[in-house]
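Labels below follow one simple rule: chain letters A, B, ... track the order of the sequence lines, proteins then strands, and each chain is numbered from 1.
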There are 2 protein chains.
Amino acid sequence: MSEPEEHVVLDRDDLEAWAALATMLEWLPAALDAGLRRNANLTHFEYGILYALADAPDHTLRMSVLANYANSSLTRLSRAAARLETMGLMHRAPDPSDGRYTLATLTKLGLEKFQHATPGHVQTVHQLILDPLTQAQRRQLREISRRITRAIRDEEGWQPATSRDRSG
Amino acid sequence: MSEPEEHVVLDRDDLEAWAALATMLEWLPAALDAGLRRNANLTHFEYGILYALADAPDHTLRMSVLANYANSSLTRLSRAAARLETMGLMHRAPDPSDGRYTLATLTKLGLEKFQHATPGHVQTVHQLILDPLTQAQRRQLREISRRITRAIRDEEGWQPATSRDRSG
DNA sequence: CGCGATGACTTGCTCAGTCAAGTCAAACCG
DNA sequence: CGGTTTGACTTGACTGAGCAAGTCATCGCG
């Protein structure tokens, strides 16, 4: 009755690490979104799409490739693309050389939006994540994140995207 | 990779730390939810509610207190409570001593569900988060998470829940 | 050529979450 | 007392995401 879990427990250190991570997991995405929403009216996910397109040759990518970059299911990307399209930030069209593919292209407005949003977002990342840490911690954060990410991939055999990027 | 942003950038180390974190942020919550969903058909959030109630005297808490424990808005909790109620896992009733409050109580079934779900969840946390890390990294993870969480609180003046201070 | 298989999206349904507005009980104040 | 305010939820309208089913172009094979 005092301890709700009777079988297996996390020891004190583990519990603290887990609790701290869980709290961060709860708040950080919302905080990141909030910054972007305030200064560009974009979600972090949408920003990621603009980022990938801005970075691509001709500001153009196939939807499926874009879904990979954004760690997203094709469904989710499709919906987001529809939103960004109505905002005039991007534009979809069938690939003229192979009608099965859809090419997403950043519009001029979309590029401007991205460029407008970026400095503030970088600043947010600094304020919330990098500046509070020592340089050693930043390196640890990278390593820790990678290990956890790898564990997820390994354990789950998991892929969120429709993926199977066989480009070509 | 050319840099699409022209003004301010993250240096290589920072960028890697941030990218690694962003990837983890994208996958970890889904992976955690997936484990719980598989072995108990609960979301992580719902599990958190059961956890808090199981831990409370008489397995009972006020909704607003519960919202605190769960880092949740009252609205979100209210919806989740409705769900858990239809599953027969908990039960709400006005506080007899002060009708403004609502008391949430774990049912017998809810407690069983929680106890059933816990070992698997703890195992998932171990597999995905703790086991892949060295002990030093676990301590670093705790510290890093706390620093980031503190930065969020400080920068944003932010509170997701408890007191909705809508003046009006 | 023609017809089924395959792959790349897109869409209908449904659900969880948010914001804003509503409800309802108690406290506060004249 | 009675009206107003306050605080604790709850609800309505709407949005974003997932799954599964659908669409549509091309490919493979006879």
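- Taking the six-membered ring where tryptophan is involved, the planes of A:His121 and A:His44 are tilted, since the angle between them lies from 30° to 60°.
- One interatomic measurement links the two molecules: CG of A:Leu61 to C1' of C:dA8, which rounds to 15 Å at whole-angstrom precision.
- For the pair A:Leu77 CG and C:dT10 P, the computed distance is 8 Å after rounding to whole Å.
- Rounded to an integer number of Å, the gap from A:Met63 CE to D:dA25 C1' is 16 Å.
- Look at CG on B:Leu66: it is 14 Å from P on D:dA8, rounded to the nearest Å.
- Remark: B:Gln127 engages A:Glu155, B:Gln123 in a side chain to side chain contact (heavy atoms under 4.5 Å, CB included) (not counting sequence neighbours).
- Between B:Glu143 and B:Arg147 a salt bridge is recorded (basic side-chain N to carboxylate O distance below 4.0 Å).
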Distances for protein N or O near nucleotides 11-17 of chain D N or O, under 3.5 Å:
residue, atom, partner, partner atom, Å
D:dG12, N7, B:Arg79, NH2, 3.3
D:dG12, O6, B:Arg79, NH2, 2.2
D:dA13, N6, B:Arg79, NH2, 3.2
D:dA17, OP1, A:Arg76, NE, 3.2
D:dA17, OP1, A:Arg76, NH2, 3.4
D:dA17, OP2, A:Arg83, NH2, 2.5

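- Between B:Asp58 and B:Thr105, every side-chain heavy-atom pair lies at or beyond the 4.5 Å cut-off.
- One interatomic measurement links the two molecules: CG of A:Asn41 to C1' of C:dT18, which rounds to 15 Å at whole-angstrom precision.
- Defined by atom type and a distance below 3.5 Å, a donor-acceptor pair is present between the side-chain atoms of B:Tyr47 and B:Thr118.
- Across the protein-nucleic acid pair, B:Leu74 atom CG and D:dG7 atom C1' stand 10 Å apart, rounded to whole Å.
- A salt bridge links B:Glu112 to B:Lys108: one of the charged nitrogens lies within less than 4.0 Å of a carboxylate oxygen.
- Between A:Asp98 and B:Leu103, the residue anchored closer to the 5' end of DNA chain D is B:Leu103, taking for each the nucleotide with the nearest heavy atom.
- Heavy-atom nearest nucleotides on DNA chain D were determined for A:Gly99 and for B:Thr102, and the one closer to the 5' end corresponds to B:Thr102.
- No hydrogens or angles considered: nothing links the side chains of B:Ser64 and B:Tyr101 as a donor-acceptor pair under 3.5 Å.
- In this entry the distance linking NE2 of B:His91 with C1' of D:dC9 reads 16 Å, nearest Å.
- The separation between A:Arg100 atom CZ and C:dA5 atom P is 17 Å, rounded to whole Å.
- Of the candidates C:dC9, D:dG7, D:dC9, the closest approach to any side-chain atom of B:Arg62 belongs to D:dC9.
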